[in-house]
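Taking it in order: structure first as structure tokens, then the write-up.
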2 protein chains.
Amino acid sequence: MRQERVVIDAVHPQVECGRFFIKRVVGETVTVSADVLPDGHDVMQAEVLYKHQGERQWRQVRMHPLGNDRYQASFTVEKQGLYQYKIRGWVDYALNWQHGIEAKLRDGQHVRSELLDGVQYLEYLAEAASGADAGYALELASCFPDEKRYQEAVEAAISKHLHELFLEHPKRALAHTADPLEVYVDRQRANFSTWYEFFPRSASETPGKHGTFKDCERLLPRIAQLGFDTVYLPPVHPIGELNRKGKNNSTTAGPGDCGVPWAIGSKKGGHRHLHPELGTEADFRRLIRKAGEHGLEIAMDLAFQAAPDHPYIKEHPEWFRKRPDGTIQYAENPPKKYQDIVNFYFESKDYKALWQELLEVTLQWVGFGVKIFRVDNPHTKPFFFWNWLIDEVKKKHPDVLFLAEAFSRPRIMQQLAKQGFSQSYTYFTWRVHKQEIIDYMVELTQGEMREYYRPNFWPNTPDINPYHLQGAGEAMHMIRYALAALLCGNIGIYGPVFEYMVSQPLPNREEYLDSEKYEIRHWDWTLQNKLVHIIGRLNHIRRAHAALQQTNNLVFCRLENPNLLAFYKWDDARTDEVLVVINLDPNESQQGNVQLPYHAMGRGQRALEMYDLLTQTAYRWQHEWNFVELHPNLPMHVFQIRG
Amino acid sequence: MRQERVVIDAVHPQVECGRFFIKRVVGETVTVSADVLPDGHDVMQAEVLYKHQGERQWRQVRMHPLGNDRYQASFTVEKQGLYQYKIRGWVDYALNWQHGIEAKLRDGQHVRSELLDGVQYLEYLAEAASGADAGYALELASCFPDEKRYQEAVEAAISKHLHELFLEHPKRALAHTADPLEVYVDRQRANFSTWYEFFPRSASETPGKHGTFKDCERLLPRIAQLGFDTVYLPPVHPIGELNRKGKNNSTTAGPGDCGVPWAIGSKKGGHRHLHPELGTEADFRRLIRKAGEHGLEIAMDLAFQAAPDHPYIKEHPEWFRKRPDGTIQYAENPPKKYQDIVNFYFESKDYKALWQELLEVTLQWVGFGVKIFRVDNPHTKPFFFWNWLIDEVKKKHPDVLFLAEAFSRPRIMQQLAKQGFSQSYTYFTWRVHKQEIIDYMVELTQGEMREYYRPNFWPNTPDINPYHLQGAGEAMHMIRYALAALLCGNIGIYGPVFEYMVSQPLPNREEYLDSEKYEIRHWDWTLQNKLVHIIGRLNHIRRAHAALQQTNNLVFCRLENPNLLAFYKWDDARTDEVLVVINLDPNESQQGNVQLPYHAMGRGQRALEMYDLLTQTAYRWQHEWNFVELHPNLPMHVFQIRG
């Protein structure tokens, strides 16, 4: 026998009935809407209650009607960590009384009885309000029953002032509150980050020499000047020697072969240790510190797997599956065998110790100052393991971020994000044509994924040398970088092969020839080219423009030409608006007319100044449709919208 | 630290995260689907578990993959009452082992070690299976390690037989089970019912005389012969005398005026009593029994409101709101006042006694044999009250059905259905044009509403004389009845004004002139006309065709002519298929080409016999597109699809 009068349904946003939190970064807005309705015709009020997990008091923000019994309100999240939000609704008897008396007066009725009835609401108001407002309510409470003051009472009863006092001091009688939902708030880098990945062992100035953390320090100024903020290093732990892979993934390594950094562990140590040829713990700490001085964070790789000579295998044989002959089972995806890798057995009887050790490994590097982890193949470890590990780390260190490197089926990638990963790799790497880019962006930004899946767009990775970049020139590389940088808040490249366009593949494979995964390469990091210049310009434009530091506020513009892609982006506060046009054709000039998305812009037709941030040229767009032409020499406009 | 490997998301169907049950009738199918996925590449199994609330053991049905990690299974509900259903998933190590060994053999690998590994799955199988299967598993368990029998072991390992045994006897190691959901199962009349509403007081053979329950008995054969199954009587309780309404809703009643049946209660009694002029309790019991003999059920009106002279008002003044002067507050929707009606105060301090009394009123009439209630204006009483009342009644009497008479905003009507109403009135009464009919049917049958909202289509009611029927002729009435009867499982008319086309309105109002709500009318119930004949034919066709006894299996056919509507319907078992074409134009013949919906029919192009159930004429449709022409004389084809 529940007496509440209001029901609350279809609360948005929520992911899987609130089993998973939605995600935001500090300073972002959570806009909550729901169907909220009472029986009958009574006037109703609804509010969103929210609080940070560290707070006791719920804060309130009143919801406003959107029509069709749907209500909405927004709040801003200001601190890292978990917030709760929930909706409360009630029949507002005071407002209902005022609404009734208004209707009767309009109808010419005498409202003496209604005025008497209203005294109870004034008495409540006198208690709930303070100062002058309380006094006013008390004064009205004595005026309403006074027949001689009827006219005065009527005017006060329907006054805007009384309405606002009722609104401000509601009596939430028989209020109904929906189940709370959660939003996890990360620091802003979760939404906006620009990654540069390179192999430290290729960082030496001397050809053929193994690079070191000290060599990496030398590269930091270049990376910072190019506008990157996150330096991601493949695993820096000792590399297995047993069954080590040779160049180009050959199954037998020669004596000079340096192995695959993801085959972690040898007699020199495991996940808690550093590869001796890279340097010492002190060197690594120093690299992290130096990076910080350049505004850069070092992102480490969490690759939870072992080489066959990893110390764990002798110390904790129960953490690995055994074959019937008692030997340790190497990784396989039948019929393929990966003899240089042994997977952890997450279902081991001793799983608690294993999980705890992997957590402590993570926390150890957090202790070194690492706050970003790129997680290797998370989809081959249990979902609930990640949920637990990420939760445990973030309980102590809410500023730690995890990027899920799963290039797998859609539901798997989504599930990892739901379970807690802060960012996720995407299919962007293979989305090339206009319509497939639009479709994918709509899926990421306009549906449920926008609430929990933070995409990170990579034009290439050490594992993926996509066909469209193989042998491609400057234009195609500019296009791919611009698409990533302007569509998505989080992006990254694997360099210097990207900016130096070293894209020779293994024949008919999306893999690099002579990949750094299997050997040391030598690079002249001082080389300048147009692509390097454009990457730097785009990165700095991203830094200066809030509209580009998020992903979800995105609308594509109508533009007939299938080789021209145009879109409009803005920040939550709409202090910054950007309109981008990109020529997807690396070979030919393309022309077309862009339609301004007036509805999304909240604007009607008027002249706009379109300031191209790349060429620093201002255009004046007078009309809804505007001519553009882009040559492959500079295949994009990045307009800031002014005025 | 949860070790389960499989996650389960996006379970369908569910309403509001399972806060409300979905609905079915006995014999219907529940098709459950979900995203079910493990980490990594292991072979997975999933099943739906379900049970009636009265059962202990869960029944199981294995799910099959739909692609993109979505799985599905169906079960049939066989008993009235509440069922639970939930999904369980697990990594199937035995199937995974078999999958691996197959891949390795295809690759030409030697699988000695894998055979040894497989013995554990055979040993489990020997325990789980029985008889010959267990023996076979044991025999294999000794064969697999025997190197001399390698070839035999390999053949058995990848055999279909072993695969089926593994499928049949899974070891559900570390299975993950999603939260249970609920489905409420009603008797079949909840899905399929044909209502005839009339005013008992107009049932007398003598003009001017107040009809009685005995007069109603006389009408039962006619109603039954026309193929109706539910006779709905407006309230049969004593009618208030204080502030009684006169003819045509005038505010002052003359001495001969009989009042509004919904203004319940006078010195002659209230909701527990019968209007003396209609007859005695014995007469009412006899009417219910006689109706049953004709295959008819009597549906009563639950109108939870009181006339100002209802006995409750003196006996339980605390069940009503008081005005400041101490008098009882009559109903109002400012500025409108309804002085002949007093609403119950559901928030009264004594609300528990009030609610309990209303429950007992309902149960009293259930005791008389009434199993169907049409609930008047449920949307002006608290949602949670209905949830409680319906639940309490159905706990004892799961065969009782409640029809919600709310013509209100969409979310209100939906909410009442979610809270437990078995059927609901709809906007069909005002959906006239082709596209608005299609849009409304898609909303009712293809979205979430199909799971909880059972529509009941009424071309007219005593409250609604829709503009398109005012002064309309036979064709329009046939069209409206055919649309209701062929689109929707549950339908009803307010007669005999409908079949005798007595549709004179109050000027510019959707109300009847000289409405029976305010006065006694006299009818010659023996009159025959074409409309009566067609209503009877359509009702009998509905009775003979399972496709027409449900609402949700519906696909509209392409047909260019905006005056022709064509649709295809089928029953869950697809033992019956019907294709309907209706001419929506009451004035002109209409022609067009109907496209057969091959995809929905699960058929390709082949000749079909289309048997018109109204004209008993067979047509042969050879092609996908077929010519039809319908004259207003008989503005519909009701084809049974044969062959």
Side-chain angles (χ1 to χ4, degrees), chain A residues 1-5 7 9-10 14 16-19 35 37-41 68-70 99-104 106-109 113-114 116-117 119 173-174 179 323-325 332-335 346-347 351-352 355 378-385 387-388 409-412 414-415 418-419, chain B residues 1-5 7 9-10 14 16-19 35 37-41 68-70 99-104 106-109 113-114 116-117 119 173-174 179 323-325 332-335 346-347 351-352 355 378-385 387-388 409-412 414-415 418-419:
Chain A
M1 288 188 161
R2 296 173 59 186
Q3 278 202 291
E4 300 103 299
R5 294 272 309 279
V7 293
D9 274 0
Q14 60 175 307
E16 281 294 311
C17 300
R19 282 196 290 118
D35 297 338
L37 54 149
D39 59 277
H41 309 284
N68 200 22
D69 291 304
R70 197 145 185 94
H99 179 78
I101 211 166
E102 276 168 355
K104 287 169 180 174
R106 261 199 314 273
D107 193 49
Q109 299 177 23
S113 171
E114 286 72 13
L116 291 172
D117 193 35
V119 171
L174 299 176
D179 292 337
R323 311 184 76 203
D325 64 3
E332 46 178 27
N333 183 12
F346 285 86
E347 292 157 52
Y351 77 97
K352 288 190 181 175
W355 291 28
H379 56 298
T380 59
K381 289 95 190 169
F383 295 116
F384 294 144
F385 164 71
N387 185 287
W388 172 82
R409 306 194 301 277
R411 296 294 173 266
I412 288 185
Q414 290 164 0
Q415 184 66 217
K418 289 178 186 174
Q419 297 284 355
Chain B
M1 289 189 162
R2 297 173 59 187
Q3 278 202 291
E4 301 104 299
R5 294 271 310 276
V7 292
D9 273 0
Q14 60 177 308
E16 280 296 311
C17 300
R19 281 196 290 118
D35 296 338
L37 53 148
D39 60 277
H41 309 284
N68 200 21
D69 291 304
R70 197 143 185 96
H99 179 78
I101 210 168
E102 276 168 356
K104 286 170 181 173
R106 262 199 313 275
D107 192 50
Q109 297 177 24
S113 171
E114 286 72 13
L116 291 173
D117 193 35
V119 170
L174 299 177
D179 291 338
R323 311 184 77 203
D325 63 3
E332 46 178 28
N333 184 11
F346 284 87
E347 292 157 54
Y351 76 97
K352 286 190 182 176
W355 292 27
H379 57 297
T380 59
K381 290 93 190 169
F383 295 117
F384 294 144
F385 164 72
N387 186 289
W388 172 82
R409 305 193 303 278
R411 295 294 173 266
I412 288 186
Q414 290 163 2
Q415 184 67 217
K418 289 178 185 173
Q419 296 284 356

Chain A contact via [X] - which portion, at a heavy-atom distance below 4.5 Å:
{"X": "B:Lys381", "value": "backbone"}
{"X": "B:Gln14", "value": "side chain"}
{"X": "B:Gln415", "value": "side chain"}

| message | Please rank B:Gly108, B:Pro410, B:Ala103 by heavy-atom pairs under 4.5 Å with chain A and give me the top one. | response | B:Ala103
| query | Where do B:Val7 and A:Gln419 land on the side-chain contact (heavy atoms from CB on, under 4.5 Å) test, with the steps shown first? | reply | CA-CA 10 Å; B:Val7 292; A:Gln419 297 284 355; 3.8 Å; yes
| said: Restricting to salt bridge (Lys or Arg N to Asp or Glu O under 4.0 Å), what partner residues turn up for B:Arg106, sequence neighbours left out? | reply: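 So B:Arg106 forms no salt bridge (Lys or Arg N to Asp or Glu O under 4.0 Å) with any residue.
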| field | Step-by-step side-chain contact (heavy atoms from CB on, under 4.5 Å) determination, A:Arg19 to B:Asp9 | value | CA-CA 10 Å; A:Arg19 282 196 290 118; B:Asp9 273 0; 2.7 Å; yes
Go through the atoms of [X] and report whether side chain, backbone, both or neither lie under 4.5 Å from a heavy atom of chain B.
{"X": "A:Lys418", "value": "side chain"}
{"X": "A:Ile101", "value": "neither"}
{"X": "A:Glu332", "value": "side chain"}
{"X": "A:Glu4", "value": "both"}

| field | Approximate separation, where rounding is to 0.5 Å, of A:Met1 CE and B:Trp355 CH2 | value | 6.5 Å
| message | Show the nearest heavy-atom pair for residues A:Pro335 and B:Gln109, with the distance to one decimal. | response | O-NE2, 2.9 Å
| When A:Asp325, A:Asn68, A:Ile412 are compared by non-hydrogen pairs under 4.5 Å with chain B, the top option | A:Asn68
| Contact winner vs chain B - A:Phe385, A:Phe383, A:Trp388, heavy-atom pairs under 4.5 Å |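 Between A:Phe385, A:Phe383, A:Trp388, the count favours A:Phe383.
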| Test item: A:Pro334 and B:Glu114 side chains (from C-beta on) under 4.5 Å apart, heavy atoms |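 A:Pro334 vs B:Glu114: side chains apart.
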| field | Partner residues of A:Asp35 under the side-chain hydrogen bond (donor to acceptor under 3.5 Å, both in side chains) criterion, sequence neighbours left out | value |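 In terms of side-chain hydrogen bond (donor to acceptor under 3.5 Å, both in side chains), with neighbours along the sequence ignored, A:Asp35 is linked to A:Arg70, B:Arg411.
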